[in-house]
Amino acid sequence: MHKEEKTLNIILKEYDNGKISKVSLRRYLRKMTDQQIIAAVGMAEMPKIIWLLETKHKRKAQLIPIEKDVMLRIADTNVANMSFQAVMLHFLTVKDQIIHIEGNISVPAELNKTHDFYAKVNGKKLEVKQQDCGLDLKLGNEIYEIRTAFSMDIPLKEQQYIIEFFNLIDGIECSYSRINSLRFAPVADNIKGQYYAIDDWIIQISGNQIVCQMSDAKEISEYEENYQKELGLLQSESADWAIELRQKYFERVKQKRKPLWLIMDRSNRADDNGEVFFKYMQQHREVDTYFVIDEQSKDYKRLQAIGRVIPLYSEEHYLLALLADCVISSQCNGYVENPFWENAEYFRDIYHRPQLIFLQHGVIKDDMSPTLNRFHTNLRGFVTSTKAEYQSILEYPYYFNKENIWLTGLPVFDELRNNKQRYIVIAPTWRKDLMHQQWDEERHEMVWVPKGDIKASTYYRTYRELIKDPILKKYCQKNDYKLAFKPHPLMERFITDIVDGTDVQLMGEDISYRDMLSMGSLMVTDYSSIAFEFVYLGKSILYYQFDRKRFFNSHTYRKGYFDYVRDGFGEVCSRKGELIRCLISYMENECMVKDKYKRRMRQLYPFHGGACERLYMHIRRITAGEG
């Protein structure tokens with residue numbers, strides 16, 4: 001590969017981060033031939049190629065009509081036909097004899113206003129609903145690829161339906177050449193014989209068509225038999241395992257007599273909303289309930305004393321993940337929705353059947369829509385706790401409907417008890433800019449690990465300086481308070497030495513969050529949602545936000561509806577001296593909540609108690625098909 005091709009991605013990252021200008025980018029692109037640019041980017045990213053060549057040549061793409069298609073040409077380079085583009089399939093469901101399809105289409109930004117997208121069903125044109133769902137792609141501040149979401153409903157009244165997609169460009173009808181199935185689509189054509197059976201219908205994708213055909217039980221059985229034969233021809237261990245697991249699934253599904261719910265917290269740790277709801281469910285024997293967690297976790301045996309526990313990534317976990325009606329979790333990570341990882345394609349038609357219920361592990365106060373929107377999570381139930389939080393999920397670009405957002409309160413609220421002791425607890429959240437994800441072979445999942453030496457970071461040094469501060473120590477002793485540090489679970493094992501050489505207590509994983517919340521008299525946090533649980537118990541909060549601007553520019557969420565000064569439950573401090581003065585004042589007043597913060601706390605929660613019961617009723621309604 002040409003050396004310029006190797007470094008193109010580096011140059012584009014620098015441009016994207018504002019480190020070089022568009023003039024500099026153009027100068028670099030002119031050192032490459034058009035074919036080198038195309039090869040370096042790859043035709044799968046055709047809109048990016050168009051933008052780069054337009055930038056290089058300072059001219060727009062030409063539309064060249066050819067037979068039943070349109071060619072995109074820039075300067076003397078024929079880049080691609082419009083039919084080369086794929087339709088992206090996000091969701092496909094059948095309910096009440098209506099097939100509902102959602103996806104997105106992509107065009108180079110320059111062509112957004114020159115095309116008309118539609119579908120044909122059995123040869124008849126069908127207009128589709130289109131909307132902007134924030135899927136566009138940018139380089140720097142420029143959008144180079146427009147991704148428009150679409151949805152369509154087709155009443156199923158005939159025996160067979162063939163669905164195709166088209167673009168009308170300059171009066172020429174261009175057929176899309178293929179359909180790419182994304183994460184939550186239950187059908188694809190990546191493996192020969194793939195199909196999706198729902199109600200009395202078999203759905204398949206064949207090239208650029210979705211084929212929906214009415215079938216009976218015998219025909220569906222023949223499709224499965226054929227698919228297993230095709231998997232056998234792949235002659236791989238993973239395909240053989242998939243055949244065996246599918247056979248077990250179809251046998252067990254015949255024996256299933258009760259609803260089956262899988263409940264989870266973190267893969268290797270419980271002590272969150274999942275565990276609390278799991279305890280609650282032991283009184284509802286009309287549902288088969290299992291908790292899934294790593295067998296090496298310290299919590300595994302403890303949970304076995306509560307109910308049925310299944311080892312993460314065990315054969316029984318894989319089977320129950322297919323059989324489950326619901327997967328209920330405080331986490332929204334890959335192992336929750338897809339324990340099969342790279343083998344998921346073998347089970348695409350089955351493993352999307354369980355409905356995902358997101359319990360959360362705190363109250364959302366910021367805009368987390370970039371990671372928690374429907375296109376990334378496909379949640380059936382999204383638990384919220386306050387009216388403002390509920391409203392933010394509706395109004396921010398999460399793209400969920402009202403029936404998906406549940407104002408129940410967090411299950412953990414039901415177990416919070418106030419056993420106040422003389423602890424000042426420092427409990428910051430983690431920092432994405434200090435971490436990155438990598439594959440853990442032993443745990444068989446993506447895990448967060450430090451990018452470099454966390455101890456050299458401003459984050460570590462700031463909290464280390466705070467807990468070592470001699471003035472703070474003096475006033476803690478004078479007022480008979482003890483300092484404790486509760487690290488975030490993602491960072492805990494990397495910063496356990498932060499209290500070394502001090503009399504500050506490290507509240508590690510041996511002390512549950514509920515115990516920490518119960519024991520504390522006052523909490524110092526930064527942006528962590530754990531503050532809302534502390535407030536639920538009517539206790540004092542201080543916010544230490546020494547890196548506010550950097551945090552909201554680099555973390556997993558953006559500033560949302562909650563303003564810490566206007567809506568918060570304690571003073572917001574940006575400097576250590578300011579924080580220590582506030583701490584001294586609180587300690588000298590027995591850490592009592594100030595009146596203005598008491599008023600905010602009283603107005604916060606619409607419910608106190610009963611969160612698990614409300615959640616249970618919501619889930620029973622959707623599994624019964626009522627909501």
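None of these values were measured; they are calculated from a predicted model.
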Measure the [atom1]-[atom2] distance between [X] and [Y] for me, rounded to the nearest 0.5 Å.
X    : Y    : atom1 : atom2 : answer
Y398 : I364 : OH    : CD1   : 4.5 Å
T289 : I306 : OG1   : CD1   : 12.5 Å
S529 : E389 : OG    : CD    : 9.0 Å
S528 : H361 : OG    : NE2   : 8.5 Å
R581 : I471 : CZ    : CD1   : 9.5 Å
L466 : I426 : CG    : CD1   : 4.5 Å

Mind listing the closest non-hydrogen atom pair of [X] and [Y] along with its distance?
X    : Y    : answer
T496 : L506 : O-CD2, 3.8 Å
T429 : D526 : N-OD1, 3.0 Å
A427 : I530 : O-CG2, 4.3 Å
I511 : K486 : O-NZ, 2.6 Å
Y586 : E571 : OH-OE1, 2.8 Å
I424 : M587 : CD1-CG, 4.2 Å

Aromatic centroids of [Y] and [X] separated by under 6.0 Å:
X    : Y    : answer
Y280 : F278 : no
Y536 : F532 : no
F546 : Y544 : yes
F358 : F382 : yes
Y527 : F552 : yes

Report yes if some heavy atom in the side chain of [X] is under 4.5 Å from a heavy atom in the side chain of [Y]; otherwise report no.
X    : Y    : value
R380 : N404 : yes
F184 : H90  : no
W406 : R614 : no
T148 : F117 : no
I328 : L359 : yes
D567 : K365 : no
V363 : Y605 : yes
Q331 : D272 : yes

Any chance [atom1] of [X] has more than 12 other-residue heavy atoms, nucleotides or ligands included, within less than 6.0 Å?
X    : atom1 : result
K13  : NZ    : no
R566 : CZ    : yes
N141 : CG    : no
K48  : NZ    : yes
K576 : NZ    : yes

Is the shortest side-chain N to carboxylate O distance from D299 to R269 below 4.0 Å?
no
Does NZ or CZ of R374 lie under 6.0 Å from the centre of the six-membered ring of F91, at an angle within 45° of the ring axis?
yes
Please confirm whether the backbone N or O of L517 pairs with a side-chain atom of K539, one donor and one acceptor, at under 3.5 Å?
yes
Among D367, N373, T371, whose side-chain hydrogen bond (donor to acceptor under 3.5 Å, both in side chains) with S369 holds?
D367
Distance-only side-chain donor-acceptor flag, Q505 / Y423, under 3.5 Å
yes
I would like to know whether I11 and L25 meet side-chain contact (heavy atoms from CB on, under 4.5 Å); could you show each step before the answer?
CA-CA 7 Å; I11 296 296; L25 173 62; 3.7 Å; yes
